[in-house]
Amino acid sequence: MAASLIEKQFAHRVYDSLQTLSCPLVQDLYLQEEESMLELLCSPSVLRTDILTWICCSINPKFGTSETMSAESKDPDSFEKKIAAIGQELMLCKADDLDLIKGKASPQRQLRFLEQLLSLVTGCRKSAGHRTDVEVLLYEVFAAENMPHLRQMLQPELDPWPAHIEALHEVPELTAKPGEEFPDVSDLLHSTQTELEQLQSKCDLLDSAEENLTAFSPSSLRLAARDLMQQMMTFSHLYETDLRVYCSRDPPSFSTETDIFQRVQQKLLACNTELEMQKEISEASGLVGEEVKRLQTQPRYWSRGEKRTLPEQLEITQRVGNIVSQFDT
């Protein structure tokens, strides 16, 4: 398998991640060449499928159970479709992207898919000395003890206030003074409820609770936050190295004499018109020259039914004129 140096290094990094996670399928392989690692991870084989199964079981322990696997045993691609479904839930691939699961896609895409899956496996973390502040914050936000708070944020509910808070907000009933009118609260509440229903109908996130749970699962949020962090780091590096110099410059000053462009355009249009006229004159001159040449070389019928060229006819006419002039004298 011919591959570039980047793909070989990428395969080496993914293979090292599998060994770091103590994957039992690669513990006894002892591969040393990057070409062999790339062939193992990017070529269709039973061992590659088993590695994918182990990764999916590490992410979701319910994956691969006998009950779920026997339910779709009639479909030959049911196992690949199940892995693709997990990839779609994690926003890593599409549900019908079976070539990526079978190992028929490009090596760069397969290795990226495996690396993203391994990043979600429990225990696949960097050492504490190399963690950034953002990573520490992410691990703290997505910790097990904070999962109920995240679920509460994804499915907010308006719980009743406790008794001690309600007692603080109790207001004694006020008697209306003569001539004082209270606003119509029911109409205001009704209009507010109507506006909220309209907003809810326009919000796609509130259409289906089950779709929300799939799209906003902790794994998907963790992956989206990690991708956002990488993009922000990339932009920060690009800004510091290339863009900061241009951002500190003064804005360019443009001339207020914009009529010069109009004058230049008018002169260019006049020049184009003259060039077109010169072209037409040249074509007309060529046609006249061809007609004159044709009259001089091509014989034609003149008076008395004789066929001669123009020079011959002029010569005869000149002779006749000379004879006539002699008789007159």
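The model shown is predicted, which means the values in this text are computed figures rather than measured ones.
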Give, for atom [atom1] of [X] and atom [atom2] of [Y], the distance between the pair rounded to the nearest 0.5 Å.
X: L228; Y: L221; atom1: CG; atom2: CG; value: 12.0 Å
X: S17; Y: L114; atom1: OG; atom2: CG; value: 10.0 Å
X: I86; Y: L90; atom1: CD1; atom2: CG; value: 7.5 Å
X: L40; Y: L29; atom1: CG; atom2: CG; value: 6.5 Å
X: E35; Y: E7; atom1: CD; atom2: CD; value: 9.5 Å
X: R109; Y: L92; atom1: CZ; atom2: CG; value: 10.5 Å

Inset, instruction - Flag yes if F79 and L47 sit in one hydrophobic cluster, no otherwise; membership is Ile, Leu, Val, Met, Phe, Trp, Tyr, and two members link when side-chain heavy atoms are under 4.5 Å apart. - result: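 Linked within one cluster.
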
Inset, instruction - Answer yes if L41 and L98 sit in the same cluster of Ile, Leu, Val, Met, Phe, Trp and Tyr residues linked by side chain heavy atoms under 4.5 Å apart, and no otherwise. - result: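 No, because L41 and L98 fall into different hydrophobic clusters, even though each may have its own neighbours under 4.5 Å.
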
Give a yes or no answer on whether the side chain of [X] reaches the backbone of [Y] with a donor-acceptor pair at less than 3.5 Å.
X: E115; Y: V14; result: no
X: R244; Y: Y239; result: no
X: T241; Y: L238; result: yes
X: N60; Y: C56; result: no

Just so I know, are the side chains of [X] and [Y] near enough to count as touching, which here means a heavy-atom distance under 4.5 Å?
X: I101; Y: T49; value: no
X: L38; Y: P107; value: yes
X: D227; Y: Q230; value: yes
X: L52; Y: L117; value: yes
X: D16; Y: H12; value: yes
X: V26; Y: W54; value: no

Where do [X] and [Y] come nearest, in terms of heavy atoms and distance?
X: Y30; Y: Y15; answer: N-OH, 3.8 Å
X: S22; Y: Q27; answer: CA-NE2, 3.2 Å
X: R48; Y: Q110; answer: NH2-OE1, 2.9 Å
X: C93; Y: A84; answer: SG-O, 3.8 Å
X: Q88; Y: A95; answer: OE1-CB, 3.1 Å

Inset, instruction - Would you sort out whether Q318 and N322 count as a side-chain contact (heavy atoms from CB on, under 4.5 Å), showing the intermediate values? - result: CA-CA 6 Å; Q318 185 177 5; N322 293 332; 4.0 Å; yes

Legend entry - Step-by-step salt bridge (Lys or Arg N to Asp or Glu O under 4.0 Å) determination, R294 to E290: CA-CA 6 Å; R294 186 180 63 82; E290 291 178 358; over 6 Å; no

Inset, instruction - Evaluate whether atom CD of E240 has more than 12 neighbouring non-hydrogen atoms of other residues, nucleotides or ligands under 6.0 angstrom away. - result: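 It does: E240 CD has more than 12 such atoms within range.
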
Inset, instruction - For L287, look at atom CG and say whether over 12 heavy atoms of other residues, nucleotides or ligands are found less than 6.0 Å away. - result: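 More than 12 within 6.0 Å, yes.
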
Inset, instruction - Verify salt bridge (Lys or Arg N to Asp or Glu O under 4.0 Å) between K279 and E276, making sure each step is shown before the conclusion. - result: CA-CA 5 Å; K279 182 179 178 181; E276 291 178 357; over 6 Å; no

Inset, instruction - State which residue, out of E39, E34, E33, Q32, fulfils the side chain to side chain contact (heavy atoms under 4.5 Å, CB included) condition with S36. - result: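 Answer after filtering E39, E34, E33, Q32: E33.
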
Inset, instruction - Check step by step if side-chain contact (heavy atoms from CB on, under 4.5 Å) holds for I83 and E80. - result: CA-CA 5 Å; I83 298 178; E80 287 79 4; 5.8 Å; no

Legend entry - Worked verdict on I55 versus L120 for side-chain contact (heavy atoms from CB on, under 4.5 Å): CA-CA 9 Å; I55 295 174; L120 301 176; over 6 Å; no

Inset, instruction - Take L118 and R13, measure what side-chain contact (heavy atoms from CB on, under 4.5 Å) needs, and give me the verdict at the end. - result: CA-CA 11 Å; L118 289 174; R13 187 166 69 250; over 6 Å; no

